[in-house]
Amino acid sequence: MNQKITAAITTVAGWVPEDKLTNFDLEKMVDTNDEWIRTRTGIEERRILKGEGLATSDMVVPAVLDLCKKRGIDPAEIDCLIVATVTPDMVFPSTSNIVCDKIGAVNAWGFDLSAACSGFIFALTTGASFIESGRYKKVVVVGADKMSAIIDYTDRNTCVIFGDGAAAVLLEPNNEGFGVLDSILRTDGSGKNYLHMKAGGSLRPASMETVANGEHFAYQEGQQVFKFAVKGMADVSAELLERNNLTGDDIAWLVPHQANLRIIDATANRMGLSKEKVMINIQKYGNTTAATIPLCLWEWEKQLHKGDNIVLSAFGGGFTWGATWLKWAYDTK
Ligand SMILES: CC(C)(COP(=O)(O)OP(=O)(O)OC[C@H]1O[C@@H](n2cnc3c(N)ncnc32)[C@H](O)[C@@H]1OP(=O)(O)O)[C@@H](O)C(=O)NCCC(=O)NCCS
């Protein structure tokens, strides 16, 4: 009998820098205060990768090495490594290539995927398709961002929100119906005006002028993004449940992108989920862009059980958004 191959997550690992930037630190840097940040976003502190010459790959490397150690595999066994990021080490080569070199993943190919805060779920669906095709056996999917590299720490609209971090999952073939089961992914490029980096691409290459204007920092019109995010994340998550005949009762965990506690609450309400079923660590890490969802999976790994229905849900710059349903494949001993 030909059993359909699904792509199961078989290990999770993460890495965050030690240095913390608290709301109280930010009070000394811009016109803001702890109370405003906590009540408007849910964030209390974030991690910042400090040190000369350190980049996104330097967070991915320890995460992926730990992933391999936990699973008992050698990096040379990895077939493909996808890094979802908007803060690659450089425009090219890809961070994936740099990571593979640093960890000795000599048999892997890979690439970076740019979908901002939805990057991890876009990359997970992509990686899962490679496994489902039967062509690859070990695909590593990473979400990683060094947002501190593109944040203007004099701009209170953005500097209170973002942080640095990286986390990764290993995808392997499964014949028992566990793993990634369905995804709804969407993009709308007309949203680009509300959340973007103005310069550094082919449209506005770096120049004295772009640097002087601060155009190499993330730019966000928070209120506009908020409106689209609340609707986008909630709609797509509800649609995913509906088309798979699931209700909130069937779901063990919602793993939402950690952008704003109010957006997370709206999504959970729309899905009919109680607070206890929602992974939230925004207070500790802020918005680490592509890393938020796998960082949650990493932190909650021990509480996840074989057969748990899990919904991942995200919204980000682009606009990009989507939701993924997966059946967890293992218990942690
Ligand atoms: C950024 C965000 C937290 C701002 O919250 P908000 O409730 O929309 O706040 P507003 O922009 O309406 O600003 C409200 C007031 O707070 C002020 N304010 C803005 N940032 C502030 C800060 N860091 N500290 C103190 N006050 C601030 C504004 O100037 C405004 O003052 P006013 O009423 O006197 O004009 C929120 O819009 C948000 O989370 N947006 C979505 C971000 C997101 O999801 N990104 C997703 C992809 S990564």
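We count ligands from 1, going down the list as the structure has it; atoms in each ligand are counted the same way. Because the structure is a prediction, the values reported are computed rather than measured.
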**Q** If you count the atoms of ligand 1 from 1 in the order shown, which ones are under 4.0 Å from a heavy atom of Gly316?
**A** 47 (C)
**Q** With the threshold set strictly below 4.0 angstrom, can you tell me whether any protein non-hydrogen atom sits that near atom 31 (O) of ligand 1?
**A** no
**Q** Do me a favour and list the nearest non-hydrogen protein atom to atom 8 (O) of ligand 1 with residue, atom name and distance?
**A** Gln223 CG, 3.5 Å
**Q** Could an N or O of ligand 1 be found under 3.5 Å from any N or O of Arg40, whether backbone or side chain?
**A** yes
**Q** Among all the protein's non-hydrogen atoms, which is closest to atom 40 (N) of ligand 1, and how far away is it?
**A** Gly222 O, 3.0 Å
**Q** When you measure from the side chain of Ser96 to the backbone N and O of Leu81, does any donor-acceptor pair fall under 3.5 Å?
**A** yes
**Q** For ligand 1, is there an N or O atom under 3.5 Å from any N or O atom of Asn33?
**A** no
**Q** Give the atom numbers and elements of ligand 1 that come within less than 4.0 Å of a heavy atom of Thr41.
**A** 3 (C)
**Q** What atoms of ligand 1 come within less than 4.0 Å of a heavy atom belonging to Arg262?
**A** 5 (O), 6 (P), 7 (O)
**Q** To check your reading of the model: name the closest protein heavy atom to atom 24 (N) of ligand 1, its residue, and the distance in Å.
**A** Thr32 OG1, 2.6 Å
**Q** For ligand 1, which atoms sit closer than 4.0 Å to a heavy atom of Val160?
**A** 23 (N)
**Q** Find all atoms of ligand 1 within a distance of less than 4.0 Å from any non-hydrogen atom belonging to Phe315, and give their numbers and elements.
**A** 47 (C)
**Q** Do we get Lys192 above Phe319's six-membered ring, with its NZ or CZ under 6.0 Å from the centre and within 45° of the axis?
**A** no
**Q** Quick one: do the Ser274 and Glu276 side chains pair a donor with an acceptor below 3.5 Å?
**A** yes
**Q** Tell me whether atom 47 (C) of ligand 1 lies less than 4.0 Å from at least one protein heavy-atom position.
**A** yes
**Q** Is Asp58 salt-bridged to Lys102, going by a charged N under 4.0 Å from an acidic O?
**A** yes
**Q** If you measure only the distance, is there a donor-acceptor pair under 3.5 Å linking the side chains of Trp325 and Asn244?
**A** no
**Q** Checking contacts here: is it the side chain or the backbone of Thr289 that comes within 4.0 Å of ligand 1, counting heavy atoms only? Could be both or neither.
**A** neither
**Q** Using a 4.0 Å cutoff against the non-hydrogen atoms of Ile161, which atoms of ligand 1 qualify?
**A** 1 (C)
**Q** Any nitrogen or oxygen of His257, side chain or backbone, less than 3.5 Å from one on ligand 1?
**A** no
**Q** Which one holds for Val30 and ligand 1: side chain close, backbone close, both close, or neither close, with close meaning a heavy atom under 4.0 Å?
**A** neither
**Q** Taking ring pair (Phe, Tyr, Trp, His ring centres under 6.0 Å) as the definition, give me every residue that meets it alongside Trp328, ordered by chain and number, with sequence neighbours left out.
**A** Tyr330
**Q** Closest non-hydrogen protein atom to atom 17 (C) of ligand 1, residue and atom name please, with distance?
**A** Arg156 NH2, 3.6 Å
**Q** Going by the angle between their ring planes, with limits at 30° and 60°, are Phe130 and Trp109 parallel, tilted or perpendicular?
**A** tilted
**Q** Looking only at distance, does Val225 have an N or O less than 3.5 Å from an N or O of ligand 1?
**A** no
**Q** Taking only heavy atoms of Leu195 into account, list the atoms of ligand 1 that are under 4.0 Å away from them.
**A** 47 (C)
**Q** Please determine which of Thr324, Leu273, Leu254 meets the side chain to side chain contact (heavy atoms under 4.5 Å, CB included) test together with Val311.
**A** Leu254
**Q** With a 4.0 Å cut-off, strictly under, does atom 2 (C) of ligand 1 pick up any protein heavy atom?
**A** no
**Q** Closest non-hydrogen protein atom to atom 45 (N) of ligand 1, residue and atom name please, with distance?
**A** Gln220 OE1, 3.2 Å
**Q** Going by atom types alone, do Thr267 and Ser313 pair a side-chain donor with an acceptor below 3.5 Å?
**A** no
**Q** As a test of the contact definition, would atom 35 (O) of ligand 1 count as having a protein heavy-atom neighbour under 4.0 Å?
**A** no
**Q** As a test of understanding, state which of Thr85, Val99, Leu65, Asp89 forms a side chain to side chain contact (heavy atoms under 4.5 Å, CB included) with Val60.
**A** Val99
**Q** How does Asn260 reach ligand 1, by side chain, by backbone, by both or by neither, if only non-hydrogen atoms under 4.0 Å count?
**A** side chain
**Q** Does this structure show an ion pair linking Lys70 with Asp66, if we count only N-O contacts that are shorter than 4.0 Å?
**A** no
**Q** Is there a side-chain contact between Tyr285 and Glu45, using heavy atoms and a 4.5 Å cut-off?
**A** no
**Q** Side-chain donor-acceptor pair under 3.5 Å between Arg46 and Asn23, yes or no?
**A** yes
**Q** Once rounded to the nearest 0.5 Å, what's the spacing between atom CE of Met197 and atom OG1 of Thr87?
**A** 9.0 Å
**Q** Could a heavy atom of Leu26 be found less than 4.0 Å from some atom of ligand 1?
**A** no
**Q** Indicate, as side chain, backbone, both or neither, the part of Trp36 found under 4.0 angstrom from ligand 1 when only non-hydrogen atoms are considered.
**A** side chain
**Q** If the cut-off is 4.0 Å to any non-hydrogen atom of Asn287, which atoms of ligand 1 fall inside it?
**A** 48 (S)
**Q** Using only heavy-atom distances, determine whether the side chains of Thr210 and His216 contain a donor-acceptor pair under 3.5 Å.
**A** yes
